[in-house]
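Working notes, structure below.
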Amino acid sequence: MYRSYESYNFLRLLLPLIAGIVCYLFLGIIIPFAKTLLTISFIFSFLIVAIAKLKKLEYTSVVFGLSLNILLFVAGNYLSVRYDASNNDNFFAHFRADSKYIKLQIDEPFVKKGNYYKSKASILTAYYNEESIEVTGKTFINIKNEENLNVPKYGDVLLAQNKLFEIKGAKNLGEFNYKRYANLKQIHFQAYFITNDYTVFCNECGSKLWANIYKVRVQLVNALIKNIEDETTLAITTALLLGQKNYLTKTVKATFANTGAMHILAVSGLHVGMLFLILNYLFKPIAGKRWGRAVAAILSVLVIWLYAGITGFSASVTRASLMFSLFLVADIVNRDKNTYNILAASAFLILLYQPNMIAEVGFQLSYAAVFSIVSLYPYIYKWFLFQNKIVNFFWSISAVSIAAQIGTMPISLYYFNQFPTTFLFSNLVAIPAAFAIFGSGIAILGFNYLLPPLAILMGYFLEIIVGTLHLTLSSLNKVPFSTIEFNSFSAYFPFVAFLLFTGLIVWLINQNRKALWLAAFSLFLICGSHAFKKMKSFNEEKLLVYNNNNSLIMETLASGTSIGNISKSDISSNIFEIDKAVHQYFQVSNQFQFDYPNINNLYQIKDKTVFILNDEVKIDKLPLGVKVDVLVIENSPYINDFKTLLNKIELKEVVITSNNKNANYYLKQFDKHNVKCYSVKNEGMYVANLN
């Protein structure tokens with residue numbers, strides 16, 4: 001049945017709250033006198049309600065709505081500012097340079113990654129000049145795996161040398177901005193320790209509740225390890241059932257991601273829904289008794305939230321847990337269970353607690369998927385009607401997959417720049433397999449304590465299921481064009497695409513012509529923006545020097561001709577990834593032109609002369625008066641006399657590569673001679689216009 005916008009109460013509350021959060025997180029706008037505005041708007045809203053009750057004035061609803069929207073907008077902005085630790089006067093960054101020692105508390109159990117154990121920690125105290133001050137901030141901690149290492153536990157307080165440094169941002173165009181990702185989680189620092197760098201000040205001083213939850217998680221993981229021999233099966237099961245992805249290999253992750261099945265490895269609404277079905281079955285005997293429905297609902301909510309804690313409270317599992325909890329509460333008190341209102345209410349509550357969550361990919365994908373499924377699934381399902389129950393079952397899975405893909409596609413394209421064409425086929429296998437793996441995993445955990453031989457038998461059964469799933473997805477991944485890759489999209493693309501799909505959804509449901517016009521206008525903006533970007537790229541030609549610690553990677557990129565790259569060694573796979581990302585910004589073509597054949601490492605690229613100075617070049621043998629626009633210094637060559645170098649070469653600019661150990665020394669020397677100098681390691685990829 002069609003409902004007016006006014007009937008979606010929480011949706012109306014959510015939108016101004018999100019607007020306030022977005023203003024700070026993405027636009028950097030801080031509303032002045034926020035506390036005063038909050039107080040005034042709250043009192044004004046209260047007075048409007050009181051007047052409406054006494055005088056029964058109709059127009060007060062409009063004034064109240066305006067006042068409430070202002071209240072929520074300011075609240076969203078204020079909460080975002082308060083949540084950002086960097087706005088705190090005691091933020092550790094203000095004291096880092098002067099602090100010799102720090103006190104840290106471990107926030108979660110360590111996970112082994114390569115030669116290090118990694119965790120997160122809260123910074124409690126900074127010690128400097130024989131004084132101490134309580135500070136705020138969070139950091140990643142990496143402890144080297146050494147012989148006889150006693151890995152700290154959750155809640156331990158460490159007194160450590162101050163080796164913290166700020167997390168660095170992306171150093172190449174198109175590269176993942178790890179700093180932005182970490183900062184949104186309020187983690188601004190990172191440190192690498194060996195055992196001599198710290199002492200345990202207090203053992204297991206954290207929350208007893210969280211300590212017990214982490215212990216339960218370890219016991220459950222150990223139970224799976226005990227009963228599952230195959231490493232791939234263990235990795236996929238622990239990820240799907242408990243949200244622990246540290247056992248997954250890059251190959252397995254890529255296979256699931258490229259086929260559109262990665263969502264089953266991220267604990268989400270699907271997994272909470274499966275748990276709810278199991279709980280519903282287990283509590284069915286008591287649900288029919290007096291107060292049984294309420295008792296069953298309360299127990300279900302407790303178990304669901306315990307599961308959310310064990311799996312790490314990701315955005316998707318938090319959303320799902322809140323939604324199921326609200327559904328159960330609404331069912332107990334016999335209130336209308338409007339899905340859109342409950343979806344909006346869960347987002348509203350999450351953002352009140354963690355405003356930054358709105359910027360997380362998992363949060364955006366989770367809500368986009370559920371909104372799209374709820375809105376589109378009933379209409380997509382009606383496209384085909386099958387009498388056969390098995391065919392109908394698989395069609396219903398396909399309808400859900402199509403609906404979810406429509407909603408998440410704009411976000412996926414923006415963040416990942418790829419689209420899995422085989423998602424429909426992969427989900428026909430992945431979703432039923434996920435149910436089987438989840439159920440079998442729960443059975444293993446139960447039988448491990450009750451009937452151990454049966455748990456081992458279930459482990460073998462699980463290996464067959466996971467093996468079949470992995471083999472199917474691997475085969476789909478090898479299909480030509482199984483993944484279509486796109487160039488990068490502008491920051492506003494997800495918002496315009498959201499308007500496009502919202503317009504289409506409203507038009508499909510209500511046949512609203514205005515919604516269809518909105519969708520058409522949004523499509524026009526997307527196509528127009530893409531066309532403008534393509535036209536603009538035809539006039540762009542760039543010289544790039546990558547940030548790469550292993551070797552010099554220099555490239556010229558454009559939409560036209562005379563383009564190529566230089567690499568001094570075999571390019572590692574991570575550089576291929578960077579190269580691919582950069583090409584999303586510029587189109588690639590031909591090769592370098594060599595106009596100075598008698599001088600090694602000297603290149604003429606369009607109207608710029610580029611000279612690469614390294615160990616192979618003898619400065620004293622260079623001819624006088626060589627005009628160089630860009631001098632690239634790589635691999636720490638020995639320069640005895642900078643004055644001689646500058647007499648030999650007429651320089652405009654120096655670029656120091658990131659594989660250069662003497663970068664700081666070179667910077668000082670060129671600064672003394674008033675030569676413009678650029679450090680790739682400090683400032684990121686060097687980009688120069690060639691036109």
Side-chain angles (χ1 to χ4, degrees), residues 220-221 223-245 247-249 252-253 255-257 259-282 284 303-304 307 310-311 316-317 320 324 369 373 388-401 404 422-477:
L220 295 178
V221 170
L224 293 175
I225 293 172
K226 178 183 174 182
N227 295 286
I228 301 173
E229 294 182 0
D230 181 66
E231 291 184 0
T232 302
T233 302
L234 176 64
I236 292 173
T237 304
T238 51
L240 188 151
L241 186 61
L242 302 175
Q244 303 305 296
K245 298 181 182 178
Y247 295 101
L248 292 172
T249 63
V252 172
K253 288 181 181 178
T255 299
F256 277 79
T259 54
M262 192 65 183
H263 63 95
I264 73 166
L265 296 183
V267 178
S268 60
L270 175 68
H271 306 72
V272 177
M274 290 187 285
L275 178 62
F276 178 74
L277 290 175
I278 293 172
L279 293 174
N280 205 34
Y281 175 78
L282 293 175
K284 195 172 183 180
V303 174
I304 285 171
Y307 178 69
I310 290 171
T311 56
S316 54
V317 77
F324 275 105
I373 290 170
N388 187 290
K389 290 184 178 180
I390 296 175
V391 176
N392 188 61
F393 169 74
F394 283 105
W395 167 238
S396 66
I397 292 175
S398 300
V400 170
S401 299
T422 57
F423 78 91
L424 202 58
F425 304 103
S426 64
N427 280 289
L428 285 174
V429 179
I431 292 177
F435 275 86
I437 294 167
F438 191 91
S440 301
I442 293 290
I444 288 174
L445 296 177
F447 290 138
N448 180 66
Y449 300 100
L450 301 175
L451 293 169
L454 197 54
I456 295 173
L457 187 63
M458 289 300 299
Y460 291 131
F461 174 69
L462 195 57
E463 288 179 11
I464 296 172
I465 299 172
V466 174
T468 304
L469 171 64
H470 189 229
L471 179 62
T472 304
L473 296 183
S474 297
S475 301
L476 287 172
N477 192 32

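Residues: numbered from 1 along the sequence shown.
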Checklist entry - For the atom pair CG (Leu457) and CG (Leu462), what is the distance rounded to the nearest 0.5 Å? => result 11.5 Å
Next on the checklist: Taking atom OH as the centre, does Tyr449 end up with more than 12 heavy-atom neighbours from other residues, nucleotides or ligands that are less than 6.0 angstrom away?
Outcome noted: yes
Checklist entry - Are side-chain heavy atoms of Ile465 and Phe461 found at a separation under 4.5 Å? => result yes
Item to check | Glu463 side chain to Thr233 backbone, donor-acceptor under 3.5 Å | outcome: no
Next on the checklist: Checking Ile264 against Leu469 for the side-chain contact (heavy atoms from CB on, under 4.5 Å) test, could you report, in this order, the C-alpha distance in whole Å, the side-chain angles of both residues, the deciding distance, and whether it holds?
Outcome noted: CA-CA 12 Å; Ile264 73 166; Leu469 171 64; 4.0 Å; yes
Checklist entry - Is a donor on one side and an acceptor on the other found under 3.5 Å between the side chain of His271 and the backbone of Leu241? => result no
Item to check | Validation row: Leu445, Asn448 side chains within 4.5 angstrom (heavy atoms) | outcome: no
Checklist entry - Measuring from Gln244:CD to Leu220:CG, what's the distance to the nearest 0.5 Å? => result 10.0 Å
Next on the checklist: Tell me the closest heavy-atom pair linking Ala239 and Leu248, and the distance in Å.
Outcome noted: CB-CD1, 3.8 Å
Item to check | Phe425 backbone acceptor or donor facing Thr422 side chain under 3.5 Å | outcome: no
Checklist entry - Quick one: does Ser316's side chain have a donor or acceptor within less than 3.5 Å of a partner on Val267's backbone? => result yes
Item to check | Nearest non-hydrogen partners of Gly243 and Thr311, listed with the distance | outcome: N-CG2, 4.3 Å
Next on the checklist: Tell me whether Thr259 contacts the main-chain N or O of Leu473 through its side chain, where contact means a donor paired with an acceptor under 3.5 Å.
Outcome noted: no
Checklist entry - Which pair of non-hydrogen atoms, one from Ser398 and one from Leu424, has the smallest distance, and what is that distance? => result O-CD1, 3.7 Å
Next on the checklist: Consider side chain to side chain contact (heavy atoms under 4.5 Å, CB included). Of Asn227, Leu242, Thr232, Ile437, which one does Thr237 pass it with?
Outcome noted: Ile437
Item to check | Working for side-chain contact (heavy atoms from CB on, under 4.5 Å), residues Lys253 and Leu265 | outcome: CA-CA 9 Å; Lys253 288 181 181 178; Leu265 296 183; 5.8 Å; no
Checklist outcome for this item: When rounded to the nearest 0.5 Å, the distance separating CD1 of Ile236 from NZ of Lys245 is 12.5 Å
Next on the checklist: With rounding to the nearest 0.5 angstrom, report the CZ to CG distance, Phe393 to Asn388.
Outcome noted: 12.5 Å
Next on the checklist: Give me the atom names and distance for the closest heavy-atom approach of Phe423 to Gly260.
Outcome noted: CB-CA, 4.4 Å
Checklist outcome for this item: Here the gap from Phe256 atom CZ to His263 atom NE2, rounded to the nearest 0.5 Å, amounts to 10.0 Å
Item to check | Contact check, side chains of Ile397 and Ser401, non-hydrogen atoms, under 4.5 Å | outcome: yes
Checklist entry - Stepwise, does the side-chain contact (heavy atoms from CB on, under 4.5 Å) test hold for Leu275 with Phe324? => result CA-CA 11 Å; Leu275 178 62; Phe324 275 105; over 6 Å; no
Checklist outcome for this item: Here the gap from Ile310 atom CD1 to Tyr307 atom OH, rounded to the nearest 0.5 Å, amounts to 9.0 Å
Checklist entry - What residues form a side chain to side chain contact (heavy atoms under 4.5 Å, CB included) with Ala443, not counting sequence neighbours? => result Phe447, Met458
Next on the checklist: As a quick check of understanding, evaluate side-chain contact (heavy atoms from CB on, under 4.5 Å) for Tyr247 and Glu231, giving each step before the final call.
Outcome noted: CA-CA 8 Å; Tyr247 295 101; Glu231 291 184 0; over 6 Å; no
